[in-house]
Amino acid sequence: MNSNELFERSRKVVPGGVHSPVRSFSSVGGTPIFFQSAKGAILTDVSGREYIDYCLSFGPLLFGHRHPEIQEVVEDTIHKAWSFGACEPYSLELAEFIVGKIPWVEKIRFVNSGTEAVMSALRVARAFTGRSKILKFDGCYHGHLDSLLVKAGSGLAGESSSDSEGIGPEIIQNTLVLPLDDEKNLENLFDVMGNEIACVAIEPLPANYGLLPQRIEFLKRIQSLSKKHGALLLFDEVISGFRVGFAGMAGITGIAPDLVCYGKIIGGGFPVGAYAGRKDLMDLVAPSGPVYQAGTLSANPLGMRAGLATLKKAWAEDPYPNLSKTTDMFTKSMVELLNQKSDKEWEAVTYGSLFWLKEKTPIIRAISEIPSSHKSRFAKLFHAVLNQGIYLAPSGYEVGFLSTVHDFNITEQTLDLTKKAIQGL
Ligand SMILES: *Cc1c(COP(=O)(O)O)cnc(C)c1O
């Protein structure tokens with residue numbers, strides 16, 4: 001088997017040959033690689049070639065692929081049940097574990113993806129406030145729900161236009177969009193229509209359009225304006241939750257959101273999402289309240305137990321300081337190597353175990369500041385390192401991740417491969 005043949009076959013039966021767009025390599029060019037297995041930090045493709053993985057399934061694998069302790073739990077579960085569609089203790093254990101550790105999570109509901117989590121949390125916010133409008137920020141991704149698949153419009157501040165065909169104007173008219181890192185626009189918008197806003201949704205660490213760490217004052221301003229105008233604050237921590245620290249960005253910044261969404265790490269590599277928050281808000285959800293939300297496979301035992309094993313390990317071992325240090329050192333060395341062979345300087349933006357490789361610029365906090373040359377420069381880098389056996393996320397706008405198994409050996413090996421790769425740059 002080889003990837004080219006499989007991609008040809010796949011394109012005949014699957015749109016674009018893939019089940020999620022970035023996987024197609026459309027952003028970097030070339031044919032996507034088909035993988036057959038993964039263990040630790042290593043991916044193996046269908047022809048048996050190995051790659052060191054810095055995409056890590058876009059974030060869920062905090063302890064790398066198939067960590068033995070988590071695999072054991074998964075194997076045990078396989079012999080117990082695959083799905084009940086009924087009550088079981090596993091989701092309860094995960095719920096209690098999270099509620100017991102994260103103060104602003106008073107109640108939690110499990111779903112099957114980050115998209116579902118955000119969609120449901122917004123429904124709760126609209127029900128609680130009796131308002132329709134949602135404010136989001138340009139460059140934040142919240143999944144593919146219709147109402148948030150929007151970008152800033154060209155006209156008035158707050159105006160939006162859809163980011164996809166198939167989303168009618170009646171759906172996006174209730175979504176307001178502002179640039180990140182801009183208090184002035186935020187204040188103006190709240191002045192004009194603050195009392196129509198049900199919810200402000202933000203990735204407190206925007207990591208889906210490059211990595212754009214926000215000033216804490218900006219996040220605090222969002223919180224205070226929301227509070228003042230009776231809007232709810234939703235932190236979308238699908239990528240940052242349990243990744244930058246156990247309690248995510250809310251824990252780091254000390255800003256407690258009204259509602260929070262999790263995904264990725266919470267399922268330990270299986271499809272799990274969750275929305276959570278204040279008891280009075282979550283009690284609006286059926287069957288205790290009037291906001292309907294359901295799921296045939298919700299709280300699936302495999303995801304619940306893999307998630308619990310992952311979160312328990314993260315809580316017990318606190319891998320975050322070391323992950324941060326390794327990520328910092330590794331990306332600094334990587335950038336030094338790249339700069340030996342590059343006309344324009346590279347740099348790595350990092351936050352915890354997330355990193356974003358880009359050309360050196362003054363600090364970027366809003367998407368309008370990302371250089372237009374970034375995409376093509378990244379594409380060259382992507383293929384140069386891929387040829388040597390390093391797998392980065394196949395888009396210059398996706399971040400990279402380290403896991404706890406990305407130890408000194410793995411990162412040194414990566415740097416050796418990078419030395420070879422830059423000969424081809
Ligand atoms: C990945 C992601 C989502 C969407 O989660 P899915 O499980 O892909 O639906 C939502 N918000 C953020 C911040 C994400 O990183």
Side-chain angles (χ1 to χ4, degrees), residues 18-24 55-62 108-123 125 134-151 163-164 175 177 180 199-214 219 222 233-245 247-253 257 259-277 293 295 297-300 302-304 306-307 310 351-356 367 393-395 397-401:
V18 292
H19 297 280
S20 195
V22 178
R23 297 180 196 175
S24 70
C55 176
L56 287 171
S57 190
F58 296 97
L61 306 169
L62 184 63
I108 187 165
R109 170 62 69 81
F110 295 116
V111 291
N112 301 295
S113 69
T115 299
E116 256 187 275
V118 175
M119 181 181 78
S120 310
L122 294 185
R123 193 177 295 148
I134 306 291
L135 170 60
K136 70 154 278 187
F137 296 89
D138 225 4
C140 286
Y141 178 67
H142 301 289
H144 63 91
L145 58 156
D146 285 357
S147 65
L148 291 193
L149 221 44
V150 300
K151 58 188 174 217
D163 224 355
S164 163
T175 308
V177 183
L180 287 161
C199 180
V200 183
I202 187 166
E203 281 183 81
L205 177 65
N208 278 286
Y209 209 111
L211 184 58
L212 311 170
Q214 297 298 295
L219 297 174
I222 294 173
L233 176 62
L234 164 63
F235 271 5
D236 180 350
E237 300 237 44
V238 170
I239 211 165
S240 53
F242 315 106
R243 166 60 65 181
V244 296
M249 283 306 286
I252 288 173
T253 58
L259 291 163
V260 59
C261 292
Y262 299 114
K264 301 196 168 101
I265 290 176
I266 202 174
F270 290 83
V272 178
Y275 63 108
Q293 184 272 308
L297 291 168
S298 288
N300 181 271
L302 282 171
M304 293 295 103
T310 301
Y351 199 101
S353 51
L354 300 106
F355 69 88
W356 182 38
I367 59 171
S395 159
Y397 301 97
E398 300 289 341
V399 295
F401 299 91

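As the structure lists them, so they are numbered: ligands from 1, and atoms in each ligand from 1. Quick caveat, the model's predicted, so the values are computed rather than measured.
- At a threshold of 4.5 Å between non-hydrogen side-chain atoms, the residues Ile252 and Tyr351 count as touching.
- A donor-acceptor contact closer than 3.5 angstrom links the side chains of Gln293 and Arg109.
- Side-chain atoms of Ser353 and Phe401, non-hydrogen and from C-beta on, never get closer than 4.5 Å to each other.
- Residues lining ligand 1 at a heavy-atom distance below 4.0 Å are given as Ser113, Gly114, Thr115, Tyr141, His142, Gly143, Glu203, Asn208, Asp236, Val238, Ile239, Lys264, ordered by chain and residue number.
- Residues Glu398 and Ala393 share a closest heavy-atom pair of CB-CB, 3.6 Å.
- Of all non-hydrogen atoms in Leu233 and Ile222, the two that sit nearest each other are CD1-CG2, 3.8 Å.
- Exactly one of Glu203, Met249, Arg243 qualifies for a side chain to side chain contact (heavy atoms under 4.5 Å, CB included) with Glu237. That residue is Met249.
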